[in-house]
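What follows is a short report on a single structure.
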2 protein chains.
Amino acid sequence: MDLMKIKDPSFLKGLSNKQLEHLSQDIRQFLIEKLSFTGGHIGPNLGVVELTIALHKCFDSPKDKILWDVGHQSYVHKILTGRADQFDTLRQYKGLCGFPKMVESEHDVWETGHSSTSLSAAMGMAIARDLKKEKSHVIPVIGDGALTGGMALEALNHIGHEQKNMIVILNDNEMSIAPNVGALHNVLGKLRTAGKYQWAKDELELLLKKIPAVGGKLASTAERLKDSLKYLFVSGMFFEEMGFTYLGPVDGHNFESLFENLSYAKKTEGPVLLHVITKKGKGYRPAENDTTGTWHGTGPYKIETGDFVKPVSTAPAWSQLVSETVRKLAREDDRIVAITPAMPVGSKLEGFASEFPERMYDVGIAEQHAATMAAGLATQNMKPFLAIYSTFLQRAYDQVVHDICRQNLNVFIGIDRAGLVGADGETHQGVFDIAFLRHVPNLVLMMPKDENEGQHMVNTAIKYNDGPIALRFPRGNGIGVPMDEKLHEIPIGTWEVLKNGKDAAILTFGTTIPMALKAAAILEKQGYSIKVINARFIKPLDEKMLLTLLNENMPILTIEEAVLQGGFGSSVLEFTHQSGFHHVEIDMMGIPDHFIEHGSVDKLLEEIGMTTGHVVDRLNNFVRKKQKRA
Amino acid sequence: MDLMKIKDPSFLKGLSNKQLEHLSQDIRQFLIEKLSFTGGHIGPNLGVVELTIALHKCFDSPKDKILWDVGHQSYVHKILTGRADQFDTLRQYKGLCGFPKMVESEHDVWETGHSSTSLSAAMGMAIARDLKKEKSHVIPVIGDGALTGGMALEALNHIGHEQKNMIVILNDNEMSIAPNVGALHNVLGKLRTAGKYQWAKDELELLLKKIPAVGGKLASTAERLKDSLKYLFVSGMFFEEMGFTYLGPVDGHNFESLFENLSYAKKTEGPVLLHVITKKGKGYRPAENDTTGTWHGTGPYKIETGDFVKPVSTAPAWSQLVSETVRKLAREDDRIVAITPAMPVGSKLEGFASEFPERMYDVGIAEQHAATMAAGLATQNMKPFLAIYSTFLQRAYDQVVHDICRQNLNVFIGIDRAGLVGADGETHQGVFDIAFLRHVPNLVLMMPKDENEGQHMVNTAIKYNDGPIALRFPRGNGIGVPMDEKLHEIPIGTWEVLKNGKDAAILTFGTTIPMALKAAAILEKQGYSIKVINARFIKPLDEKMLLTLLNENMPILTIEEAVLQGGFGSSVLEFTHQSGFHHVEIDMMGIPDHFIEHGSVDKLLEEIGMTTGHVVDRLNNFVRKKQKRA
Ligand SMILES: [Mg+2]
Ligand SMILES: [Mg+2]
């Protein structure tokens with residue numbers, strides 16, 4: 001059918017299973033085609049085609065509330081709620097968001113991006129419904145990977161206790177973003193393996209053969225019984241223990257089973273967990289065959305071959321550079337242990353993992369545990385490398401403060417995807433880390449100007465033994481500079497003068513350095529001499545160099561691809577005023593006080609007012625004023 | 001025995017159970033006496049006397065690592081590791097810390113304060129041990145309450161998966177800080193009820209009677225079997241499902257059972273969970289009989305009667321004021337729902353709970369879930385009041401950013417214990433909230449000058465419908481001002497001139513206002529006229545009033561009982577420079593960039609340099625300079 005004509009999901013009510021199967025095919029074809037141009041989360045969405053259709057047929061959205069945990073699997077939902085015509089703009093500036101978004105549709109009742117939030121939100125909605133004495137269903141859809149997140153477990157515990165009506169759909173595809181980790185996964189694995197009734201039957205026969213005469217060594221018999229019978233009762237036991245009615249596992253690509261179980265769930269009092277087995281990437285061979293998570297989210301690809309259409313960069317990817325440098329150093333320092341919360345691929349830790357399998361821990365989606373486990377390692381004189389995205393480090397803020405920094409432990413935090421990330425949008429922008437880290441005592445925070453300095457900073461972090469140290473680096477690739485063979489350490493708290501000048505100074509670091517240098521060159525032609533400083537240590541500041549600038553009463557422009565409020569610029573201001581230099585002109589450029597949506601990083605920077613042109617204008621202001629005064 | 005003579009726990013090895021029982025009595029008496037003068041966490045410590053002795057007898061600390069989750073139950077451990085002589089200084093300035101502290105003893109291998117961190121830390125230690133090929137035990141001791149914290153559940157999941165050797169002691173006293181909440185508690189309840197083997201026996205008999213002929217309706221039989229047999233297998237099933245060997249439940253006050261189980265645990269491969277039942281407050285009647293959590297942590301008390309020796313304050317406690325004002329407003333606004341993560345007593349929500357039981361949710365130790373559940377409620381046009389301590393709000397930073405503020409939802413966050421908290425020390429100081437909140441878009445953040453303004457701010461927050469709003473208020477009592485009968489709203493982003501002046505201005509809020517007024521009065525006598533402004537909105541600033549000051553080129557001193565870095569003062573600096581007022585002298589007073597230990601708030605402020613005298617000095621600097629220039 002013509003997906004473009006869909007206005008809302010009501011048309012589903014009249015369709016037969018056969019027709020729904022055709023619709024599923026149409027949607028798959030649509031997704032495979034559209035995403036081949038735009039890129040996006042192809043794997044997760046191909047996996048939930050039937051499930052999404054079934055949910056929208058069985059329930060009445062938006063009266064019934066469907067919550068998409070993480071939200072990257074909401075494309076089918078977007079198609080069924082009238083947004084097929086916007087898929088050409090998916091994840092592009094001012095285009096369709098890759099995650100649920102309330103302004104796009106009344107059917108998007110909860111916005112996601114970070115994982116494991118849907119159960120808590122659903123609980124809030126269920127409480128509200130009951131207080132208002134309304135009748136409706138609340139249906140969070142959560143993946144097996146997201147279920148290992150602490151807040152999801154907190155919510156399970158509370159929902160089970162309160163016994164509110166709620167239908168939790170466990171979308172179990174055996175794979176979160178990378179292959180799953182954790183005991184919970186083992187539980188799910190057991191449930192997944194076979195239909196439980198057949199199993200029950202076999203086990204029951206076994207049991208009958210084994211039952212001893214009553215009396216005798218009952219205790220040990222009970223123990224043995226427990227082992228042999230375990231699998232009979234294990235089905236859903238974890239969830240039943242938490243207070244849920246467990247249904248499933250059901251085939252998530254079979255409409256008949258889905259409808260049967262969903263209608264049973266609708267009639268059940270109290271919280272229900274419906275365990276649905278789906279296949280990530282279903283219907284597109286390259287994505288179906290993916291075992292590493294490569295097809296979780298992709299750029300554009302060629303449909304026939306599954307080859308990725310990538311702008312070729314000869315410069316190393318930042319994640320790769322950092323992880324591979326850690327790997328190199330791990331050959332000499334056996335205290336190094338790498339930790340990732342479910343991002344071994346994104347953090348490019350595959351090489352490290354294959355060389356040092358016993359020193360690599362993927363803890364699943366569990367940022368808090370990852371950070372504090374790193375602290376535990378550090379108490380034993382190990383050197384943990386916590387590889388984590390800026391936006392996900394937000395989850396571990398308290399653990400960074402209370403466990404790592406308060407105890408002043410030698411943890412090396414590699415903050416990946418720092419700064420604007422582009423297409424993933426406002427839930428994923430790595431723009432807060434400076435503001436939420438720089439006030440934490442004991443922490444060193446740095447950012448390199450290029451990949452060569454980046455490798456030396458990794459070395460610096462590994463060699464540093466005076467407490468926690470964090471290296472932030474951007475998404476994407478380096479800039480292609482020559483790489484030194486031999487690593488050295490960069491003295492903590494030292495900046496670097498990249499270009500001398502006497503009319504004004506730019507203090508900046510990382511991705512915004514090229515812009516600063518370009519602006520300085522333009523101003524040079526206009527007759528102004530601008531100093532450009534690589535402020536590679538965000539904390540501690542290079543107080544000596546800064547004092548020199550202040551003593552010269554040089555106007556200063558700070559630039560950061562991070563929130564202005566409480567950021568690097570404000571740190572420079574604090575130092576300036578605390579040192580008694582109240583008269584120095586300081587201007588700050590950075591990300592303003594609102595959330596930044598999706599779009600290419602260049603577009604976003606333009607919107608924010610962070611371009612070479614803007615830098616030139618801001619500096620012009622300064623130097624003209626200075627001339628006037630002079 | 002003379003507890004003062006204990007140097008380390010090695011003496012325990014030679015003692016008989018009888019002697020250990022005498023020692024237990026001595027320790028209980030010691031604690032009851034000492035804490036009657038100093039106050040402290042009496043309930044938790046009386047509950048773990050035998051358990052702590054047993055652990056130190058069975059294991060070799062510090063080679064074997066005992067980790068105290070939360071850590072307020074570590075007093076017995078401190079006595080056994082040679083610190084009895086310091087109990088007169090417990091929780092006092094430069095005295096014995098109320099929590100484990102590495103600088104105090106090599107036996108304190110992990111510092112705690114916030115709950116649920118011990119399992120992750122233990123996992124780090126276990127990994128380190130195995131990589132170093134050392135032989136030792138890692139023994140985290142975690143309460144039933146702390147186990148509901150998401151990071152503990154993340155850790156359980158990972159530990160179960162990795163199968164490292166570790167002995168988790170579940171110290172189950174049926175009560176965390178307030179009575180426990182959650183499905184997990186129900187599971188523990190089942191385990192607690194009876195010895196499992198007797199149960200197994202009964203159930204097995206029942207089973208044999210019920211077993212049907214093989215064949216027939218096996219599926220439904222299996223279902224029934226499941227129900228009847230559930231309790232046989234439920235014992236420890238939750239933990240066994242997670243990959244642990246479950247032992248217990250054992251009586252935590254019986255040395256024989258403790259030793260039996262601990263030695264079994266020592267021999268067991270892989271992670272073990274030993275379920276120990278203890279009685280909080282054991283051995284001291286008033287604490288034993290406590291059902292509400294009053295005896296969890298106390299000030300000084302009279303031993304005979306159990307009466308608390310409290311300096312009587314006629315001013316209302318801040319928590320009481322805020323919660324009771326919310327309660328009053330809840331009578332008119334049925335959208336108000338109160339949420340607490342395990343602190344109904346501390347947050348003084350008992351009154352609200354008894355009047356509106358269906359609108360009060362204690363979610364257990366689960367700050368992340370609490371915050372996002374509040375967000376879920378707000379999506380449904382409810383008005384959630386999230387009562388949370390400043391230090392524990394750190395746990396929900398990402399939820400505040402990603403779920404509450406990004407979606408701009410009407411959540412009212414009551415930030416209790418903001419500022420220095422005193423005796424609980426560095427893990428509990430509420431000094432980071434301004435720095436970690438003010439850079440989050442959409443959030444309004446305020447702090448009242450007194451309890452009367454406090455009640456109007458609560459009203460303001462409840463009436464506010466443009467997004468999230470947070471009210472921070474200190475530990476302890478108000479200052480005893482008259483209270484208005486009728487509540488009004490305070491216009492968002494407006495400050496208040498408390499005293500006019502023309503030589504300099506102080507911008508401050510909350511607890512530091514009296515100090516500012518005193519300093520101004522002193523300077524008045526010296527002939528200087530100081531303006532004092534109640535900067536009650538930390539965000540947004542009162543830009544209009546600030547611009548007036550800036551236009552007058554008046555020197556400004558900002559004062560905040562919070563970290564300076566990225567705090568309120570830096571916010572004033574940012575605005576000043578962004579508005580082009582580069583020449584205004586601004587000085588900032590606040591908490592410097594290191595963690596602040598325990599002690600009375602007055603002592604701590606003195607140490608930091610935040611007293612009336614310091615304010616006078618800092619202002620004198622300004623006004624003298626100004627005169628010179630004039
Ligand atoms: Mg998954
Ligand atoms: Mg407890």
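Proteins come first, then strands; the chains are lettered A, B, ... in the order of their sequence lines, and each starts at number 1.
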**Prompt:** Going through the distances and angles, do A:Val363 and B:Glu154 end up as a side-chain contact (heavy atoms from CB on, under 4.5 Å)?
**Reply:** CA-CA 8 Å; A:Val363 301; B:Glu154 288 178 353; over 6 Å; no
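- Here B:Thr372 is the residue among B:Val138, B:Leu393, B:Thr372 with the most heavy-atom pairs under 4.5 Å with chain A.
- For A:Leu564, the parts lying under 4.5 angstrom from a heavy atom of chain B are both the backbone and the side chain.
- Nearest heavy-atom pair, A:Pro441 versus B:Phe595, reported as atom, atom and distance to 0.1 Å: CB-CE1, 3.6 Å.
- No side-chain heavy atom of B:His582 sits less than 4.5 Å from a side-chain heavy atom of A:His582.
- The nearest pair of heavy atoms linking B:Ser570 to A:Arg438 is OG-NH2, 4.2 Å.
- If you measure heavy-atom distances from B:Val109 to chain A, the contacts under 4.5 Å come from the backbone alone.
- Top candidate by heavy-atom pairs under 4.5 Å with chain A, chosen from B:Met125, B:Arg406, B:His594, B:Met102, is B:Arg406.
- Contact count against chain B (heavy-atom pairs under 4.5 Å) is highest for A:Thr427 among A:Val440, A:Thr112, A:Thr427.
- Proximity to chain A involves both the backbone and the side chain of B:Met123, based on heavy atoms less than 4.5 angstrom apart.
- Highest contact tally toward chain B, considering only A:Pro592, A:Ala366, A:Ala126, is held by A:Ala366 [criterion: heavy-atom pairs under 4.5 Å].
- Among B:Val337, B:Thr379, B:Val563, the residue making the largest number of heavy-atom pairs under 4.5 Å with chain A is B:Thr379.
- Proximity to chain A (any heavy atom under 4.5 Å) is shown, for B:Ile596, by neither the backbone nor the side chain.
- Only the backbone of B:Thr391 comes within less than 4.5 Å of a heavy atom in chain A; its side chain stays farther off.
- Between chain B and the residues A:Phe575, A:Tyr361, A:Phe432, the largest count of heavy-atom pairs under 4.5 Å involves A:Tyr361.
- Between the A:His114 side chain and the B:His402 main chain, no donor and acceptor come within less than 3.5 Å of each other.
- In terms of non-hydrogen atom pairs under 4.5 Å with chain A, the most contact-rich of B:Gln578, B:Glu358, B:Glu426, B:Glu367 is B:Glu426.
- A:Val401 is not listed as a side-chain neighbour of B:Phe436, based on a closest heavy-atom distance of 4.5 Å or more.
- Between B:Gln394 and A:Tyr397 the shortest heavy-atom distance is O-CD2, 3.5 Å.
- With a 4.5 Å cut-off on non-hydrogen atoms, B:Phe244 does not touch chain A at all.
- In this structure a side-chain-to-backbone donor-acceptor pair under 3.5 Å is present from A:Glu574 to B:Gly566.
- With sequence neighbours left out, A:Arg359 forms a salt bridge (Lys or Arg N to Asp or Glu O under 4.0 Å) with no residue at all.
- For B:Leu131, the part lying under 4.5 angstrom from a heavy atom of chain A is the side chain only.
- Between chain B and the options A:Asn442, A:Val584, A:Leu119, A:Thr576, heavy-atom pairs under 4.5 Å are most frequent for A:Val584.
- Side-chain polar atoms of B:His158 and A:His369 form a donor-acceptor pair below 3.5 angstrom.
- Taking every heavy atom of both residues into account, A:His439 and B:Gln565 meet most closely at CB-O, 3.2 Å.
- Not a single donor-acceptor pair under 3.5 Å links the side chain of B:Glu111 to the backbone N or O of A:Gln407.
- Residues satisfying the side-chain contact (heavy atoms from CB on, under 4.5 Å) test with B:Glu134, not counting sequence neighbours, are B:Arg129, B:Lys132.
- For the residue pair A:Asp587 / B:His577, no side-chain donor-acceptor distance below 3.5 Å is found, with atom types taken as modelled.
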**Message:** Does A:Trp110 form a side-chain contact (heavy atoms from CB on, under 4.5 Å) with B:Asp403? I'd like the steps, not just the answer.
**Reply:** CA-CA 9 Å; A:Trp110 179 249; B:Asp403 298 327; 3.8 Å; yes
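- To the nearest 0.5 angstrom, A:Asn157 atom CG is 7.0 Å from B:Leu153 atom CG.
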**Asked** Yes or no on side-chain contact (heavy atoms from CB on, under 4.5 Å) for A:Thr117 and B:Gln399, after CA distance, side-chain angles and deciding distance?
**Response** CA-CA 8 Å; A:Thr117 69; B:Gln399 288 71 22; 5.9 Å; no
